[in-house]
Amino acid sequence: MNILYEVADKIATITLNRPEAANAQNHALLDELDEAWMKAAADPEVVVIVLRAEGKHFSAGHDIRGTGPVPEKITLEMLYEVESRRYLEYSLRWRNVPKPSIAAVQGRCISGGLLLCWPCDLIVAAEDALFSDPVVMMGIGGVEYHGHTWELGPRKAKEILFTGRPVTAHEAERVGMVNSVVPRDQLDAEVTKLATHIAGMPPFGLRQAKRAVNQTLDVQGFYAAIQSVFDIHQTGHGNALSVSGYPVLARFDEMKSKIK
């Protein structure tokens, strides 16, 4: 199973379960993950949702070569259709689930991995967590769900995109992208402790508090910006497709293959 799911003490725990692939996201994993989110959203016994991952790394991002048969011809229309659903739509839907959510992040969280943790309301990171989005090397200005500017601020967002370097857990905490940093061996325990505390609060009050914050961000332009930057992302694909065979994929694959 790509995803594990359990409910206990008002907490739904969703676990990414492809540790042998550093929890890289093929289409099956993303579809199962969306089903788990919707299951937790609909369950009246669930007050808090926790997203975690098995293994050394939270997620190495999109499994570019492991999403099924590669069509003879890749078109921008095909990419737009797939990415608008599984990347943009899924991430926005998880962000808007009217229940508090917490991401527990360890190890590498690369590109598409950000699309899993950024929609969560809170992020607790292990000391070894590294967050990065090096897709500029593919000729693309960032992953599909542009949380960068909102999560990191404009200058730091530009820095990590321009350089491709990872943001450490403590650096992410300083800029407010993560709520707290804990030792790796205490990550699950600390997240459970936080989730248990939140689960004791009135569910309707939690729902309204989340709505107030998310709606404020939307009034400030979050939703419109996410939509417009998704189209900017697609221009990167269009440019890359103009080069026969999309050769930049090989470079990106090589970089991710070195993750141990």
* Start with the C-alpha gap between Ser132 and Ser111, add the side-chain angles, then the distance that decides, and say whether side chain to side chain contact (heavy atoms under 4.5 Å, CB included) holds. => CA-CA 6 Å; Ser132 62; Ser111 299; 5.9 Å; no
* To do: Please test Ile102 against Ile49 for side chain to side chain contact (heavy atoms under 4.5 Å, CB included), starting from the C-alpha separation and ending with a verdict.
  => CA-CA 6 Å; Ile102 307 170; Ile49 301 168; over 6 Å; no
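By the criterion of side-chain heavy atoms lying less than 4.5 angstrom apart, applied directly or through intervening Ile, Leu, Val, Met, Phe, Trp or Tyr residues, Leu4 is not grouped with Ile14; the two fall into different hydrophobic clusters. Using a 4.5 Å cut-off between side-chain heavy atoms of Ile, Leu, Val, Met, Phe, Trp and Tyr, with links allowed through other members, Val46 and Met201 fall into different hydrophobic clusters. Linking Ile, Leu, Val, Met, Phe, Trp and Tyr residues whenever their side-chain heavy atoms come within less than 4.5 Å places Leu115 and Ile140 in a single cluster. Val50 and Trp94 fall into different hydrophobic clusters, where Ile, Leu, Val, Met, Phe, Trp and Tyr side chains are chained together by heavy-atom contacts under 4.5 Å. Under a hydrophobic-cluster definition in which Ile, Leu, Val, Met, Phe, Trp and Tyr are linked whenever side-chain heavy atoms come within less than 4.5 Å, directly or via other members, Ile160 and Val143 are assigned to the same cluster.
In Asp9, the CG atom is not crowded: 12 or fewer heavy atoms of neighbouring residues, nucleotides or ligands sit closer than 6.0 Å. More than 12 heavy-atom neighbours from other residues, nucleotides or ligands sit within 6.0 angstrom of CZ on Arg184. The number of heavy atoms from other shown groups lying within 6.0 Å of OH (Tyr5) is above 12. Environment of NZ in Lys210: crowded, with over 12 heavy atoms of neighbouring residues, nucleotides or ligands closer than 6.0 Å.
A distance-only check finds no donor-acceptor pair linking the side chain of Asp34 to the backbone of Tyr90 [under 3.5 Å]. Side chain of Arg52 to backbone of Ala104: no donor-acceptor contact under 3.5 angstrom is found. A donor-acceptor pair is defined here as one N or O able to donate and one able to accept, closer than 3.5 Å; such a pair exists between the side chain of Asp43 and the backbone of Glu45. With Ser91 contributing its side chain and Leu88 its backbone, the two residues share no donor-acceptor pair below 3.5 Å. Remark: side-chain polar atoms of Asp128 are paired, donor with acceptor, to backbone N or O of Gly107 under 3.5 angstrom.
Salt-bridge check for Lys99 with Asp121: failed, with every basic side-chain N at 4.0 Å or more from each acidic carboxylate O. Between Lys39 and Glu35 there is no salt bridge, since no side-chain N of the basic residue sits under 4.0 Å from a carboxylate O of the acidic one.
For the atom pair His146 NE2 and Ile232 CD1, the distance stands at 8.0 Å (nearest 0.5 Å). Rounding to the nearest 0.5 Å gives a distance of 8.0 Å between CG of Leu114 and CZ of Phe131. Of the inter-residue distances, the one linking Arg95 atom CZ with Ile226 atom CD1 reads 8.0 Å to the nearest 0.5 angstrom. To the nearest 0.5 Å, the span separating CE on Met177 from CD on Glu173 amounts to 11.0 Å. Between the NZ atom of Lys193 and the CD atom of Gln186 there is a distance of 10.0 Å, given to the nearest 0.5 Å.
Looking at every heavy atom in both residues, Cys120 comes nearest to Ser101 through CA-OG, 3.2 Å. Counting all heavy atoms, side chain and backbone alike, Lys56 lies closest to Gln106 at O-CG, 3.3 Å. For the pair Val48 and Ala195, the tightest heavy-atom approach, listed with the atom from each and the gap, is CG2-O, 3.8 Å. Among all heavy-atom pairs drawn from Leu187 and Val182, the shortest one is CA-CG2, 3.7 Å. Taking every heavy atom of both residues into account, Ala172 and Val167 meet most closely at N-CG1, 3.6 Å. Considering every non-hydrogen atom in both Leu161 and Val136, the closest pair reads O-CG2, 3.2 Å.
A side-chain donor-acceptor contact under 3.5 Å links Ser59 and Gln25. With hydrogens and angles left out, the side-chain atoms of His57 and Asn23 include no donor and acceptor closer than 3.5 Å. Using a 3.5 Å distance cut-off with no hydrogens or angles, the side chains of Glu32 and Asn2 do pair a donor with an acceptor.
At a threshold of 4.5 Å between non-hydrogen side-chain atoms, the residues Arg18 and Glu54 do not count as touching. Between Ile198 and Val47 there is no side-chain heavy-atom pair separated by less than 4.5 Å. Leu16 is listed as a side-chain neighbour of Leu51, based on a closest heavy-atom distance under 4.5 Å. The closest side-chain heavy-atom distance from Gln220 to Trp150 is below 4.5 Å. Ile110 has its side chain out of reach of Asp133: every pair of non-hydrogen atoms, C-beta onward, lies at least 4.5 Å apart. Val105 has its side chain out of reach of Leu116: every pair of non-hydrogen atoms, C-beta onward, lies at least 4.5 Å apart. Using a 4.5 Å cut-off on side-chain heavy atoms (C-beta onward), Leu92 and Gln227 make contact. Counting only heavy atoms from C-beta outward, the side chains of His148 and Trp118 approach each other to under 4.5 Å.
Tested against Ile3 for a side chain to side chain contact (heavy atoms under 4.5 Å, CB included), the candidates Asn17, Leu29, Asp31, Leu30 yield a single pass: Leu29.
Not less than 6.0 angstrom separates the ring centroid of His233 from the ring centroid of Tyr87.
Identified under the side chain to side chain donor-acceptor pair (under 3.5 Å) test for residues 151-172, with sequence neighbours left out: Lys156-Glu159, Lys156-Glu171, Glu159-Arg165, Arg165-Glu171.
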